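What follows is a set of notes on a single structure, which appears directly below.
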Amino acid sequence: QVQLVESGGGAVQAGGSLRLSCVASGSIFSMNGMGWYRQAPGKQRELVAVITNGGITNYADSVKGRFTISRENAKNTVSLQMNSLKPEDTAVYYCNARGYTNYGRNRFDVWGQGTQVTVSS
């Protein structure tokens, strides 16, 4: 069983910065994509940024140039540096990880519990 634990959310003023981190633990055989998604009140969950185990990244247009995703493969961690935050970035942010357990026999696709990010104007 694979679990994700997120940290780093909080409340900041517009223009401020926050850094989110997510650690995966459990019987991980291999880790593929890791990423961050967010869900604002009354809206669907949306992709923020994802990164492959080879370091290829993809960002939502709304965060390009402001957010940076990174990962440490050896530690099964993924981070999201968020700069120049805007009120519209306010949401619950969820970490996601995909990979395999059991020597590659079983695939997993798991989510963290979510961490609140609130940006005030």
Side-chain angles (χ1 to χ4, degrees):
Q1 187 175 0
V2 178
Q3 294 182 329
L4 303 180
V5 177
E6 302 149 340
S7 60
V12 295
Q13 291 189 329
S17 298
L18 283 173
R19 184 177 180 87
L20 306 182
S21 294
C22 174
V23 180
S25 62
S27 302
I28 300 170
F29 175 75
S30 63
M31 185 76 79
N32 296 339
M34 301 185 80
W36 292 93
Y37 294 73
R38 67 186 180 187
Q39 187 167 17
K43 295 187 177 181
Q44 289 188 332
R45 189 173 298 187
E46 63 177 5
L47 180 147
V48 176
V50 292
I51 183 168
T52 70
N53 54 8
I56 298 173
T57 59
N58 186 38
Y59 294 91
D61 288 342
S62 59
V63 307
K64 283 180 181 177
R66 301 188 298 122
F67 291 10
T68 302
I69 190 170
S70 60
R71 65 187 281 176
E72 290 188 63
N73 291 336
K75 297 182 179 180
N76 288 325
T77 63
V78 62
S79 298
L80 186 69
Q81 178 65 43
M82 305 184 293
N83 298 329
S84 303
L85 282 160
K86 304 176 181 180
E88 50 263 43
D89 295 317
T90 296
V92 177
Y93 284 69
Y94 296 90
C95 177
N96 173 258
R98 302 173 183 181
Y100 290 88
T101 61
N102 195 21
Y103 302 102
R105 297 189 185 96
N106 301 106
R107 185 177 180 273
F108 68 85
D109 183 346
V110 295
W111 295 86
Q113 79 282 1
T115 185
Q116 178 69 46
V117 171
T118 302
V119 185
S120 59
S121 58

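Quantities reported herein were computed from a predicted structural model and do not represent experimental measurements.
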Nearest atoms (heavy-atom pairs only) where [X] meets [Y]:
X	Y	value
Pro87	Ser121	CG-CB, 3.9 Å
Phe29	Tyr103	CD1-CA, 3.3 Å
Ser84	Arg66	O-NH1, 2.9 Å
Leu47	Tyr37	CA-CD2, 3.4 Å

Counterpart residues, salt bridge (charged side-chain N to carboxylate O under 4.0 Å, His left out), relative to [X] (two or more places apart):
X	answer
Glu72	Lys75
Arg71	none
Arg107	none

**Report entry** side chain to side chain contact (heavy atoms under 4.5 Å, CB included) between Arg19 and Ser79, worked out
**Finding:** CA-CA 7 Å; Arg19 184 177 180 87; Ser79 298; 3.5 Å; yes
Requested in this report: Any disulfide bond (SG atoms under 2.5 Å apart) involving residues 86-121? Give me the pairs, sequence neighbours left out, ordered by first then second residue.
Outcome: Cys22-Cys95
Requested in this report: Would you give the length of the straight line joining atom OG of Ser17 to atom CD of Gln81, rounded to the nearest 0.5 angstrom?
Outcome: 5.5 Å
Query raised in the report: Counting only heavy atoms not in Gln13, do more than 12 sit closer than 6.0 Å to its CD atom?
Result: no
Report summary line: Apart from Val63 itself, its cluster of hydrophobic side chains linked below 4.5 Å comprises Val2, Leu4, Val12, Leu18, Leu20, Ile28, Met31, Met34, Trp36, Val48, Ile51, Tyr59, Phe67, Ile69, Val78, Leu80, Met82, Leu85, Tyr93, Phe108, Val110, Val117, Val119
Query raised in the report: Ignoring hydrogens and geometry, is there a side-chain-to-backbone donor-acceptor pair from Asp109 to Gly99 under 3.5 Å?
Result: no
Requested in this report: Kindly state each residue pair satisfying salt bridge (Lys or Arg N to Asp or Glu O under 4.0 Å) with at least one member in residues 25-42, sequence neighbours excluded.
Outcome: Arg38-Glu46, Arg38-Asp89
Query raised in the report: Is the closest side-chain donor-acceptor distance between Gln116 and Thr118 under 3.5 Å?
Result: yes
